[in-house]
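Comments concern the structure below.
Keep in mind the model is a prediction, meaning the values are calculated, not measured. Basis for what follows: all heavy atoms, side chains included, without hydrogens, waters or symmetry-related copies. Here is the naming used below: chain letters follow the sequence lines, and residue numbers restart at 1 for every chain.
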Amino acid sequence: MPELPEVETIVRELRPVLPGKTFQKIDIYWQRSVKGDAEQFVEELTNSTVGDVFRRGKYTCFALTDGRHLTIHLGMSGRLIYSPDEKENKYLRARFTFCEDRLLHFSDMRKFGRMQLWQANQSLLPDLGPEPFETERVLHLLSETKSTRAIKTLLLDQRFLAGVGNIYADEALFAAGIHPRTPANKVPKNRLRRLSLELPQILKKAIANKGTTLSDYRTPESSSGSNQFYLKVYGRENQPCPTCSTLIKQIRINARSSHFCPRCQPPPANFLLIPYKS
DNA sequence: CCTTAGTCCTGCATGC
DNA sequence: TGCATGCAGGACTAAG
């Protein structure tokens with residue numbers, strides 16, 4: 001599942017090769033991979049030229065030279081594959097052909113990914129919260145929030161904070177010593193400070209490792225990331241905590257699996273926890 | 001404002 | 001073996 005570090009890795013591979021390239025032909029194999037009308041999307045994007053490639057939250061963004069933008073959200077299983085040749089791929093949802101026959105393939109097994117074209121006068125991704133690297137701003141938002149939702153839920157809310165998904169939310173809460181079910185407005189200030197500082201560190205380390213490959217994620221040159229070998233709690237239920245050897249627990253928060261160490265991430269007080277509802 | 005449940009999807013694991 | 005069921009999850013929507 002591509003989160004911020006995986007998307008950043010993808011962007012870093014595409015940025016040196018795509019700017020200056022023109023979309024010569026676009027083939028859509030699954031209409032719903034396009035937000036809005038797929039035919040119109042193809043019509044409006046054909047013959048456009050890529051100016052820059054960048055990341056915002058979990059979105060890969062292509063700035064077109066005429067001021068418009070193409071965004072791609074990879075969902076759960078989306079991949080961008082940049083290659084000179086065609087490969088058999090039963091999950092191919094879209095194919096972008098550039099001049100000199102270079103190809104960008106959008107592959108997406110579970111079909112949760114979405115591509116969207118933005119007009120020049122539209123503000124891009126207006127509902128996204130700040131990037132986690134804006135430490136001061138994130139700390140301020142966390143400190144000021146009156147939200148009673150579980151802190152984990154807030155971290156996953158892209159309007160509050162952009163780019164964090166299930167894996168890195170669990171890792172960041174472990175690093176900050178916060179129980180994931182703590183109400184956001186009840187987390188002690190010193191823990192919030194730790195969270196705002198640890199989160200960007202965790203993301204940077206994951207980027208250095210070219211992302212976390214659990215099953216589907218690959219870079220555009222189809223290599224795997226290696227950050228899965230460095231995860232401390234995510235997916236490690238019933239295994240010893242790397243810090244204190246207490247067994248990692250798995251619980252559900254808003255229908256999402258959450259992993260934490262009961263000793264390193266103690267609840268501030270039992271009655272403060274967001275209760276579990278089946 | 002907040003929440004939960006349902007939807008979209010497929011592959012994989014499990015159980016009979 | 002084969003079929004049914006359940007699970008995973010990000011973003012979005014509807015309903016309370």
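- A:F160 has its CZ atom 14 Å from the P atom of B:dC1, to the nearest Å.
- Atoms CG (A:L154) and P (B:dC2) sit 9 Å apart, rounded to a whole Å.
- Within the 4.0 Å cut-off from OP1 or OP2 of B:dT3, not a single side-chain nitrogen or oxygen of A:N254 is found.
- OP1 or OP2 of B:dT3 sits under 4.0 Å from a side-chain N or O of A:R149.
- Sorted by first and then second residue, the salt bridge (charged side-chain N to carboxylate O under 4.0 Å, His left out) pairs involving residues 43-65 of chain A (not counting sequence neighbours) are A:E8-A:R55, A:R15-A:D52, A:R55-A:E131, A:R56-A:E131.
- The side chain of A:Y91 places no N or O atom within less than 4.0 Å of a non-bridging phosphate oxygen (OP1 or OP2) of B:dC9.
- Few gaps surround CD on A:Q122; more than 12 heavy atoms of other groups in view lie less than 6.0 Å from it.
- Scanning DNA chain C 5' to 3' for nucleotides with an atom closer than 4.0 angstrom to a non-hydrogen atom of chain A gives a first and last hit of C:dA8 to C:dC12.
- Residues A:F62 and A:H69 keep their aromatic ring centres 6.0 Å or farther apart.
- At the heavy-atom level, A:D108 lies nowhere under 4.0 Å from the strands shown.
- What separates CD of A:Q31 from P of B:dC8 is a distance of 17 Å, to the nearest Å.
- A salt bridge links A:K25 to A:D27: at least one charged side-chain nitrogen sits closer than 4.0 Å to a carboxylate oxygen.
- Grouping Ile, Leu, Val, Met, Phe, Trp and Tyr by side-chain contacts under 4.5 Å, direct or through others, leaves A:L197 on its own.
- How far CG of A:L92 is from CG of A:L103: 9.5 Å, rounded to the nearest 0.5 Å.
- When the P atom of B:dG11 is taken as reference, atom CG of A:N89 falls 12 Å away, rounded to whole Å.
- Judged as a ring pair (Phe, Tyr, Trp, His ring centres under 6.0 Å), not a single pair has a partner in residues 27-52 of chain A (not counting sequence neighbours).
- At the heavy-atom level, A:K35 lies under 4.0 Å from the strands shown only through sugar-phosphate atoms.
- Contact check, A:K111 against B:dC8: no side-chain N or O comes under 4.0 Å of OP1 or OP2.
- In this structure, the helix from B:dC2-C:dG16 to B:dC16-C:dG2 shows an angle of 50° between the axis at its start and the axis at its end, each fitted on 5 base pairs and rounded to 10°.
- When the P atom of B:dT10 is taken as reference, atom CZ of A:F112 falls 10 Å away, rounded to whole Å.
- Under 4.0 Å is where a charged nitrogen must lie from a carboxylate oxygen, and between A:K232 and A:D170 no such pair does.
- When the C1' atom of B:dC9 is taken as reference, atom CZ of A:R32 falls 9 Å away, rounded to whole Å.
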Pair up each side-chain donor or acceptor in residues 135-143 of chain A with any protein partner under 3.5 Å, not counting sequence neighbours, and list the distances.
from	atom 1	to	atom 2	distance (Å)
A:T135	OG1	A:F133	O	3.4
A:R137	NH1	A:E134	OE1	2.9
A:S143	OG	A:L139	O	2.6

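- Mapping A:R256 and A:T153 onto DNA chain B by nearest heavy atom places A:T153 closer to the 5' end of the strand.
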